[in-house]
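What you see is a predicted model, and the numbers here were worked out from it, not measured in a lab.
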Amino acid sequence: MGKKLGKIVICLSISIIFSLADNDKVYSQSILETSKAIIESKNNEEKNQPSEETKEKPKKRYVQTSWNINALYKSDEEWNKELKDFSKDSKELKNYIGKVTKSKTHLVFALDIKENLDIRMNKLCAYVKLKQDINKNSYKYLNMNDTLDKVYRDYVSICSDLELEVLKLSNKEYKEIISNNKINKKYGMYLDNIRRSKKYYLDDKSEDLLEHVSPIASLPGQVYELFRNMDKKTNLNPSEYASALESPDRAERKSAYQGEFIPYNDNINTLGGLLVGQVKKNAFYSNQRGYKSSLEMYLQSDDINEKVYDKLIETVSKNTSSLHKYVSLRKQVLNLDKLYYYDMFVPIVPPVDDDITYEKAQGIIYSALSPLGKEYGDILYKAFNERWVDVYSNENKVSGAYCLSVYDNHPYILTNYNNTLNSVSTLAHELGHAAYEYMSSKNQNYFNSNPSIFTHEVASTTNEALLYEVLIKNASNPKEKAYYITQYLDLIKNTLYLQTMYAEFEKTIHEMVEKGESVNSLVLDDVWGQLLKKYYGKDYELDQLAKVGWSRIPHFYNSFYVYKYATGCSAGVSFAQYIISNGSDAYINFLKQGSSDYPTKLLKEAGVDLTTTKPIEDTIKKFDSLVKELEKTLSK
């Protein structure tokens with residue numbers, strides 16, 4: 001919450017959708033510090049066409065497979081009334097400014113009020129986001145979001161003033177307060193997060209100035225979103241583009257690739273200016289606050305040591321030989337003279353089932369996730385039968401996939417299901433987030449129930465890893481087995497290797513700017529191109545359009561985020577191996593811990609230590625073994 005303190009980076013807008021599109025998966029995030037709406041999304045850029053079954057029975061099918069948003073508010077009018085009531089009721093919290101640390105009683109009363117208001121704000125934000133995302137062309141919900149944004153900013157200002165009082169306490173005074181067991185158990189993590197920012201807090205005048213600058217600082221990301229969603233013109237929608245990239249017709253793949261990338265290339269100087277602006281903004285804030293770097297500033301919120309980030313890049317960079325081998329195998333199986341970007345997504349083994357209905361997908365997921373036990377299975381049942389999921393694509397719905405959690409309600413999942421195994425995997429991924437949030441909220445108080453994105457990626461990837469482990473084990477013939485192996489390989493390739501490549505790109509360009517070096521679109525192209533060759537190897541042919549791939553990654557406007565997918569993948573694959581052999585008790589307990597401690601500590605207690613490189617090395621070994629198994633299976 002307090003933009004001045006606990007997350008002292010920038011004040012972001014209520015709801016921003018990011019896509020991570022170079023690996024043809026899209027991730028979305030709602031950035032609301034006051035809201036418990038942690039959204040993480042993934043899709044397969046972006047296979048979102050409705051199935052024939054959907055087209056035949058649109059009304060009945062849509063109702064049964066769409067959200068019940070009325071569970072939040074019965075109407076827009078009810079939402080508007082609640083927003084007015086919230087604005088009025090927040091004044092009760094404002095009355096505690098200047099008094100919150102006068103006594104333990106004052107602090108508890110203030111935090112109890114804040115907890116209630118946070119939950120209400122979470123619900124207000126969720127309603128608008130969900131409505132927007134199934135009515136993407138409606139200005140009504142854009143206007144509602146703008147109205148909400150003003151109330152939100154006023155509320156954040158109140159919370160920041162209260163947190164400032166906690167921050168300004170002497171260490172002796174703070175230790176006296178936190179020694180109270182009741183306060184420590186319920187509010188300890190929240191208060192500690194505030195206190196960890198103490199050494200980076202400036203004087204009041206400077207903080208006030210930075211707070212007023214923050215809306216300007218968010219402009220690079222906002223302008224980028226306007227370009228991507230409104231000004232970029234292509235012949236294919238995301239679903240058609242994704243389908244074209246998987247076409248066996250190489251000319252169709254190349255045409256789709258050029259149609260998608262050329263609009264970015266035509267605007268590359270503008271897009272380069274926006275990304276450099278984002279990096280310079282980060283450098284400004286980190287410098288003003290006394291951080292060693294932008295990276296340190298962003299990792300601080302999760303209490304992550306920079307060595308975790310650096311060791312990830314170092315370990316993966318030194319172990320790209322298996323990925324090179326997989327890329328070369330793709331070139332060989334497809335019988336290509338040169339392998340370009342547009343050849344990286346066509347299946348090298350034909351799908352064994354390209355008509356997996358949503359009902360069948362549920363059965364596959366129940367079976368694959370059965371090692372997680374009955375309690376987890378019961379949550380899956382609720383998700384499928386209580387309308388947690390908005391399943392199919394339609395013309396008014398955004399592309400991609402995500403999970404948005406609403407405290408005291410239930411998570412909401414958006415997908416664009418299209419009857420492919422990739423859609424099944426995406427659904428399993430989002431259900432991982434949903435189950436994590438649901439278990440956290442049922443076992444932790446509000447302040448401790450909001451898991452970090454760092455650990456969220458573990459929960460989602462564990463589900464996908466289990467899905468492929470079970471499918472490979474139960475394959476009925478070599479062709480089926482080979483197909484499932486390629487899907488598991490692509491999961492690790494896209495999530496561990498490519499996200500690490502993105503993380504290395506971010507670190508490189510930030511270091512260049514922080515050293516005072518000149519960075520423009522040509523430099524960005526060059527850095528990106530070198531990384532593509534480094535990660536994909538000698539059999540990957542680098543053309544000019546591929547070099548502008550960095551401009552298609554909106555996550556770079558949510559800085560130093562992508563590495564969490566890579567660490568999440570390594571932890572998720574490690575958990576999957578352990579669960580299959582030893583059961584799920586430790587993992588389920590991890591899910592129930594929510595945000596009651598810092599991410600790396602919670603993971604270490606569950607058996608996965610991300611302060612070491614072992615989970616990363618184990619995942620690389622898994623990838624290597626799958627490549628060898630694929631070669632062996634294809635030779636049969």
Should the pair Tyr224 and Phe227 be assigned to parallel (<30°), tilted (30 to 60°) or perpendicular (>60°) ring geometry? tilted

Practice problem: Report, as yes or no, whether the 6.0 Å neighbourhood of atom NZ on Lys442 holds more than 12 heavy atoms from other residues, nucleotides or ligands. | Solution: no

Asp343/Arg250 ion pair, N-O < 4.0 Å:
yes

How about Asp355 and Thr420: do any of their side-chain heavy atoms sit closer than 4.5 Å? no

Taken in chain and number order and not counting sequence neighbours, the residues that satisfy ring-ring contact (aromatic ring centres under 6.0 Å, His included) with Tyr436 are His456, Phe590

When rounded to the nearest 0.5 Å, the distance separating CG of Asp618 from OG of Ser570 is 9.0 Å

- So do Val389 and Leu427 actually touch side chain to side chain, heavy atoms under 4.5 Å? yes

Note to self: Ring-plane angle category for Tyr340 and Tyr342, please: parallel below 30°, perpendicular beyond 60°, tilted otherwise.
What the structure shows: parallel

Q.
For the backbone of Pro248 and the side chain of Glu252, can you confirm whether one donor and one acceptor N or O come within less than 3.5 Å of each other?
A. no

| said: side-chain hydrogen bond (donor to acceptor under 3.5 Å, both in side chains) for Tyr402 and His433? Distances and angles first, verdict last. | reply: CA-CA 9 Å; Tyr402 65 68; His433 292 302; over 6 Å; no

In this structure, CD1 of Ile134 is separated from CG of Leu414 (nearest 0.5 Å) by 9.0 Å

Test log, rule salt bridge (charged side-chain N to carboxylate O under 4.0 Å, His left out), inputs Asp302 and Lys564: CA-CA 11 Å; Asp302 283 327; Lys564 299 177 184 181; 3.1 Å; yes

Point to revise | Ring-ring centroid check Tyr563 Tyr309, cutoff 6.0 Å | key: yes

| task | Inspect the contact between Arg228 and Glu225 and indicate whether a charged nitrogen and a carboxylate oxygen are less than 4.0 angstrom apart. | result | yes

Practice task
Examine distances only and state if a side-chain atom of Ser449 and a backbone atom of Ser441 form a donor-acceptor pair shorter than 3.5 Å.
Solution key: no

For this session: Would you confirm whether the ring centroid of Trp550 sits within less than 6.0 angstrom of the ring centroid of Phe556?
Result: no

Check your understanding: Any ion pair linking Glu246 and Arg253 (charged N to carboxylate O, less than 4.0 Å)?
Key -> no

Side-chain polar contacts of residues 369-380 - donor-acceptor pairs under 3.5 angstrom, sequence neighbours left out - could you list them?
unit_1: Ser370; atom_1: OG; unit_2: Ser367; atom_2: O; d: 2.7
unit_1: Lys374; atom_1: NZ; unit_2: Asp378; atom_2: OD2; d: 2.9
unit_1: Glu375; atom_1: OE1; unit_2: Lys592; atom_2: NZ; d: 3.1
unit_1: Glu375; atom_1: OE2; unit_2: Lys592; atom_2: NZ; d: 3.3
unit_1: Tyr376; atom_1: OH; unit_2: Asn463; atom_2: OD1; d: 3.2
unit_1: Tyr376; atom_1: OH; unit_2: Asn463; atom_2: ND2; d: 3.0

Taking the side chain as every heavy atom from C-beta outward, state whether Val349 and Leu634 have any pair of such atoms under 4.5 Å apart.
yes

For Asn418 and Ser423, what are the C-alpha separation, side-chain angles and deciding distance, and is it a side-chain hydrogen bond (donor to acceptor under 3.5 Å, both in side chains)? CA-CA 6 Å; Asn418 71 338; Ser423 281; 2.4 Å; yes

Tightest non-hydrogen contact, residues Thr234 and Leu236, listed as OG1-O, 3.0 Å

Distance flag, aromatic centroids of Tyr468 and Tyr484, threshold under 6.0 Å: no

Tightest non-hydrogen contact, residues Ser440 and Gly594, listed as OG-CA, 3.3 Å

So CG of Leu498 and CG of Leu323: to nearest 0.5 Å the spacing works out to 7.5 Å

In short, Gln577 meets Tyr488 closest at the heavy-atom pair NE2-OH, 3.6 Å

Rounding to 0.5 Å, atoms CZ (Phe345) and CZ (Arg330) come to a distance of 8.5 Å

- Task: Verify the ring-centre separation between His324 and Tyr535: is it less than 6.0 angstrom?
- Result: no

Quick check: does any side chain N or O of Lys325 sit under 3.5 Å from a backbone N or O of Thr320, one acting as donor and the other as acceptor? no

- Message: When you compare the side chain of Phe623 with that of Asn319, does any pair of heavy atoms fall below 4.5 Å?
- Response: no

So Tyr407 and Glu437, do their side chains get closer than 4.5 Å, heavy atoms only?
no

Any Tyr536 side-chain heavy atom under 4.5 Å of Met344 side chain:
yes

Side-chain ion pair, Lys614 and Asp609, N-O less than 4.0 Å:
no

| query | Does the Lys547 side chain pair with the main chain of Trp528, one donor and one acceptor, at a distance under 3.5 Å? | reply | no

Tightest non-hydrogen contact, residues Pro599 and Thr455, listed as CB-CG2, 3.7 Å

May I ask you to decide whether Glu395 forms a salt bridge with Lys136, counting only side-chain N to carboxylate O separations under 4.0 Å?
-> no

Sorted by chain and number, sequence neighbours left out, ring-ring contact (aromatic ring centres under 6.0 Å, His included) with Tyr366 holds for Phe384

task = Verify the neighbour count for atom NZ of Lys254: are there more than 12 heavy atoms of other residues, nucleotides or ligands below 6.0 Å?
result = no

Exactly one of Val470, Leu471, Ile472 clears side-chain contact (heavy atoms from CB on, under 4.5 Å) with Asn474, and that residue is Val470

Do Glu617 and Lys622 meet the salt-bridge criterion of a basic N to acidic O distance under 4.0 Å?
no

Thr315 (side chain) donor-acceptor with Leu312 (main chain) under 3.5 angstrom
no

The residue among Tyr438, Trp67, Trp388 that forms ring pair (Phe, Tyr, Trp, His ring centres under 6.0 Å) with His410 is Trp388

message = Treating Ser460 as the side-chain partner and Glu457 as the backbone partner, does any N or O pair qualify as donor plus acceptor under 3.5 Å?
response = yes

Rounded to the nearest 0.5 Å, the OG atom of Ser328 sits from the OH atom of Tyr326 at a distance of 12.0 Å

Check: Where the side chain of Lys233 meets the backbone of Met230, is there a donor-acceptor pair that is under 3.5 Å apart?
Finding: yes

| field | Sub-6.0 Å ring centroid separation between Tyr257 and Phe261 | value | yes

Salt bridge check: are Asp353 and Lys360 linked by an N-O gap of less than 4.0 Å? yes

Distance col, row Thr462:OG1 vs Leu591:CG, nearest 0.5 angstrom, shows 8.0 Å

Item to check | Under 3.5 Å: donor-acceptor pair, side chain of Glu260, backbone of Ala256 | outcome: no

Does the side chain of Phe454 come within less than 4.5 Å of Leu610's, by heavy atoms?
-> yes

Smallest heavy-atom separation, Leu467 atom then Ala368 atom, equals CA-CB, 3.7 Å

Report task. Taking the side chain as every heavy atom from C-beta outward, state whether Val406 and Leu404 have any atom pair closer than 4.5 Å. Result -> yes

